[in-house]
Asker: 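Here it is, the structure, as structure tokens.
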Amino acid sequence: MIPLVDLKASYLPQKTEIDKAIKNVIDNSAFIGGEIVTQFEKNFAKFCEIKRAIGCSNGSSALHLALMALGIGKGDEVITVPNTFFATTEAISHVGGRIKFVDVEEDTALIDIDKLEKSISPRTKAVIVVNLFGQIPDMQWIKEITEEKNILLIEDSAQAHGSKWMGRQPGYYSDIATYSFFPAKVLGAFGDGGCVTTNNDEFAERIRLLANHGRKSKYEHTIEGYNYRLDTIQAAILNVKLKNLRSNIITRRFNAAWYNSYLHYNHIEENLFAESSYYMYVIKVPKNRQEFISYLQKNGISAGIHYPIPLHLQPAYRGLHNGDFPIAEKLAKEVVSIPIYPELSIEQLDYIVEVVNVFYNKSNS
Ligand SMILES: *Cc1c(COP(=O)(O)O)cnc(C)c1O
């Protein structure tokens with residue numbers, strides 16, 4: 001069986017080094033904070049080509065920290081897309097903000113910037129751009145729009161470690177970028193983990209305080225905060241895995257190029273000036289999607305749907321007057337994520353292409 005994501009395969013090449021890093025934390029019995037977390041924050045900031053990186057407990061707390069640090073509060077409108085993971089909008093509600101959805105583009109599955117511009121109101125305080133599947137929209141254009149209207153800009157980059165727009169990574173055009181190190185992500189821990197990045201020192205200081213009980217020293221608390229810290233064992237693992245991140249992304253991009261050339265199905269497109277980290281490779285299967293997924297399964301290939309229910313149609317948001325988002329709904333009915341992880345062999349890529357194209361030919365003849 002070819003899984004959608006192979007966590008074991010990503011561990012094995014670095015097993016010795018990772019095991020040693022974990023053992024080192026245990027031997028020192030320094031489990032919270034410390035030099036290893038600081039080291040990871042420095043290394044990750046360097047990787048992201050950004051001034052500050054603050055480790056935190058997961059990608060969801062990273063979003064919550066970002067909104068709090070930017071001062072988003074009760075009644076403030078925050079614009080985002082309906083085709084994302086639920087955590088994006090949960091964070092808006094957690095600070096008392098009002099969720100406002102904007103539809104996406106059919107080709108890229110990313111925020112429709114014309115619609116974004118039209119949907120901005122006097123109550124709009126922030127926009128959360130979601131770099132879905134590793135793809136990045138025209139951040140320069142979005143920045144021009146939000147800057148002109150004095151609106152704060154966040155990138156939910158939980159799926160976009162190392163992705164680029166015009167050679168710049170998340171957090172360059174925006175105020176803050178957030179990351180998740182959920183095990184399956186492009187950079188994954190052995191449990192939960194996350195990070196917030198920014199070029200703004202003031203935001204960085206506030207995030208650092210909020211993530212650790214608002215403390216400056218052990219028992220002095222400047223403000224009330226949270227326990228949203230990144231685990232030291234996770235930081236130790238991430239420090240090792242970070243070394244392979246760029247080469248893993250290059251391999252993911254190679255796999256994507258392979259699929260782009262050989263698969264018959266349409267796929268989520270990369271913007272001309274973007275460089276996706278390809279967290280997921282997503283094809284569009286408008287006909288017989290469920291049958292297609294079962295057929296892949298029977299042929300030893302796992303697939304996923306990201307995401308089957310757009311957020312405006314979630315039971316949790318019943319009663320919220322959101323409007324219609326036809327493109328997000330259409331995509332939800334068509335998308336299928338197929339394996340693209342860097343440890344796939346050429347033989348496996350070839351096999352997946354062959355199996356997928358047989359179904360395409362059958363259902364389009
Ligand atoms: C994974 C993910 C999150 C949440 O990250 P966790 O670490 O699981 O809390 C948020 N947004 C997006 C787009 C994600 O893919």
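On a predicted model such as this, the values are computed, not experimentally measured, just so you know. Order of listing sets the numbers, starting from 1, for every ligand and every atom in it.
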Asker: When you compare the side chains of S57 and Y226, does any donor N or O come within less than 3.5 Å of an acceptor on the partner?
Answerer: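 Short answer, no.
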Asker: For atom 5 (O) of ligand 1, which candidate among G193, S180, S157 provides the closest heavy atom?
Answerer: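 The option holding the nearest heavy atom is S180.
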Asker: Suppose we measure from atom 2 (C) of ligand 1 to each protein heavy atom; which comes out shortest, and what is that distance?
Answerer: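 The closest one turns out to be K185 NZ, 2.6 Å.
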Asker: Determine whether a donor-acceptor pair (N or O, by modelled atom type, separation under 3.5 Å) exists between the side chain of D112 and the backbone of D103.
Answerer: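 No, because the side chain of D112 does not come within donor-acceptor range (under 3.5 Å) of the backbone of D103.
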Asker: Has ligand 1 got any nitrogen or oxygen that is less than 3.5 angstrom from a nitrogen or oxygen of F182?
Answerer: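 No - when backbone and side-chain N and O of F182 are compared with those of ligand 1, no distance drops under 3.5 Å.
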Asker: Using a 4.0 Å cut-off to any heavy atom of S60, which atoms of ligand 1 qualify?
Answerer: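 The list of qualifying atoms is 4 (C), 5 (O), 6 (P), 9 (O).
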Asker: Less than 4.0 angstrom from a charged side-chain N to a carboxylate O is my criterion; do K362 and E291 meet it?
Answerer: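 Here K362 does not pair with E291 in a salt bridge, since their nearest N and O are not under 4.0 Å apart.
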Asker: For the residue pair T108 / E269, report whether a side-chain donor-acceptor contact shorter than 3.5 Å exists.
Answerer: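 Short answer, no.
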Asker: Y265 side chain to P286 main-chain N or O, any donor-acceptor pair under 3.5 Å?
Answerer: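 Pair absent, no side-chain N/O of Y265 close to backbone of P286.
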Asker: Using a 4.0 Å heavy-atom cut-off, say whether A158 meets ligand 1 through its side chain, its backbone, both or neither.
Answerer: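 Just the side chain.
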Asker: Indicate the atoms forming the closest heavy-atom contact of K241 with G188, along with that distance.
Answerer: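 In this case the closest contact between K241 and G188 is NZ-O, 3.0 Å.
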Asker: Test of understanding: given a 4.0 Å heavy-atom threshold, classify the contact between N58 and ligand 1 as side chain, backbone, both, or neither.
Answerer: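 N58 to ligand 1: contacts from backbone and side chain alike.
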Asker: Just to confirm my output: which protein heavy-atom neighbour is closest to atom 11 (N) of ligand 1, and how far is it?
Answerer: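 Scanning the protein heavy atoms, the shortest distance from atom 11 (N) of ligand 1 goes to D156 OD2, 2.8 Å.
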Asker: Looking only at protein heavy atoms, which one is nearest to atom 15 (O) of ligand 1, and what is the separation?
Answerer: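 Protein heavy atom with the smallest distance to atom 15 (O) of ligand 1: Q159 NE2, 2.8 Å.
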Asker: Can a salt bridge be assigned to the pair E205 and R52 using a cut-off of 4.0 Å between side-chain N and carboxylate O?
Answerer: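 Salt bridge between E205 and R52, a charged N being under 4.0 Å from a carboxylate O: yes.
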Asker: Within ligand 1, which atoms have a heavy atom of A87 less than 4.0 Å away?
Answerer: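 Contacts of ligand 1 toward A87, numbered from 1: 4 (C), 10 (C).
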Asker: Quick one: which ligand 1 atoms are inside 4.0 Å of a heavy atom on T84?
Answerer: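 The atoms of ligand 1 under 4.0 Å from a heavy atom of T84 are 13 (C).
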